[in-house]
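Following: one structure in structure tokens, then a few remarks.
Order of the sequence lines sets the chain letters (A, B, ...), proteins ahead of strands, with each chain counted from 1. In this text the structure is predicted, and so the values were computed from the model without any measurement.
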Number of protein chains: 2
Amino acid sequence: MDRIDHQILSIIHENARITVSEMSRKIAMSQPAVTERLRRLEEQGVIAGYRAVLSPSKLGKHTTAFVLFKTNNCKEFEAFGEASPEIVDLYRTSGEYNYLLKVVTATGETLEAFLERCHAFGFSSTHVVLSTRFEDKSLVADGDGSN
Amino acid sequence: MDRIDHQILSIIHENARITVSEMSRKIAMSQPAVTERLRRLEEQGVIAGYRAVLSPSKLGKHTTAFVLFKTNNCKEFEAFGEASPEIVDLYRTSGEYNYLLKVVTATGETLEAFLERCHAFGFSSTHVVLSTRFEDKSLVADGDGSN
DNA sequence: TGTGAAACTGCATCGTC
DNA sequence: GACGATGCAGTTTCACA
């Protein structure tokens, strides 16, 4: 994990569909060398996958909320969570609440209906997202700013 | 936005580095046709980008937390947020808190140090992530399960 | 919009250092 | 670990439906 690996991670975090050739030009290294480094980063699990970022609003989902949840019935609640397409992220947390959910729904009404279904399992505290300042900031400091 | 577009979105959300040829085989359509649909989905903003998913723990970041934050000094707090590499996501929210942050740090100690810096701007309620059940569930119902 | 064919470009692989 | 060369695979483009 040297500076070049960090550059590769930074570039591919920005644009996962960049070609290896284009990367090899940016970092002034041969194409097979970059391919080999990429392969190793994937194998080590530093790169866990590649995802397209989809726009919720363009897909008719206009409401995003974070829901803190408290339940005594973890097993059933997690099964409910797996089966609920509204729940995009599901975390176990410390503190007075034991779960945190990121929920994406069409409207405020569909969020309300979802929360009512949740209340079979426990109680919640909901924080509706008004706007997103930024999301998914890179975990790696850029090798340098020139690329 | 027909069934085929949904299939494309579902596939590319799973693996953003899949080749167009491979996709065109999966959905039984010619490769130029898939290229054209992809181009349109990008242009319309349905696909907002492509990202590599990096493993925080493999990069030495072992602590993740969600922080609810209340400040009266929004402008300065947002500038602080932009400049803080610990803050991965930053949302404006409704309710008694006006921000929600996803924070990724090396250890509990570095999280603590970060929170102390935050307290120049207001007060917080912190929820430490113990484990992740799932993250980034697809926003599109699969066209069908056979792919 | 979708297709098939052809020219072009990028990638996997191998031998070399 | 990285490089250069090469054959194969994927992409772009275009005429046609």
So which nucleotide from [options] ends up closest to the side chain of [X]?
| X | options | value |
| --- | --- | --- |
| T35(A) | dC11(C), dG2(C), dA12(C) | dA12(C) |
| M29(B) | dT3(C), dG10(D), dT13(C) | dT3(C) |
| S30(B) | dG4(D), dT13(D), dG2(C) | dG2(C) |
| S21(B) | dG10(C), dG4(D), dT11(D) | dT11(D) |
| R37(B) | dA2(D), dG2(C), dA5(D) | dG2(C) |
| R40(A) | dT11(D), dA2(D), dC11(C) | dA2(D) |

Could you check how far [atom1] of [X] sits from [atom2] of [N], rounded to whole Å?
| X | N | atom1 | atom2 | value |
| --- | --- | --- | --- | --- |
| R25(B) | dT11(D) | CZ | C1' | 13 Å |
| E43(B) | dT1(C) | CD | P | 11 Å |
| E36(A) | dC3(D) | CD | P | 12 Å |
| I27(B) | dT1(C) | CD1 | P | 15 Å |

Practice item. Measure up the F77(A) and F69(A) rings against each other and bin them: parallel (under 30°), tilted (30 to 60°), perpendicular (over 60°). Key: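 Parallel: the ring planes of F77(A) and F69(A) meet at under 30°.
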Point to revise | F66(A) and F66(B) aromatic ring geometry - parallel, tilted or perpendicular at 30°/60° bounds | key: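 Ring orientation of F66(B) relative to F66(A): tilted.
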Check your understanding: Does the ring centre of Y91(A) sit less than 6.0 Å away from the ring centre of Y99(A)?
Key ->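 Ring-ring flag for Y99(A)/Y91(A): false, centres at least 6.0 Å apart.
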Practice item. Mind checking Q31(A) for me? I need base, sugar-phosphate or nothing, with any heavy atom below 4.0 Å counting as a touch. Key: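 Base, at least one base heavy atom under 4.0 Å.
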Point to revise | Backbone N/O of C74(A) and side chain of T71(A): donor-acceptor pair under 3.5 Å | key: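 A pair under 3.5 Å: no.
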Practice item. Compare side-chain N and O positions of R39(A) against OP1 and OP2 of dA12(C) and report whether any pair is under 4.0 Å apart. Key: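 Answer no for this pair, as no side-chain N or O of R39(A) is under 4.0 Å from OP1 or OP2.
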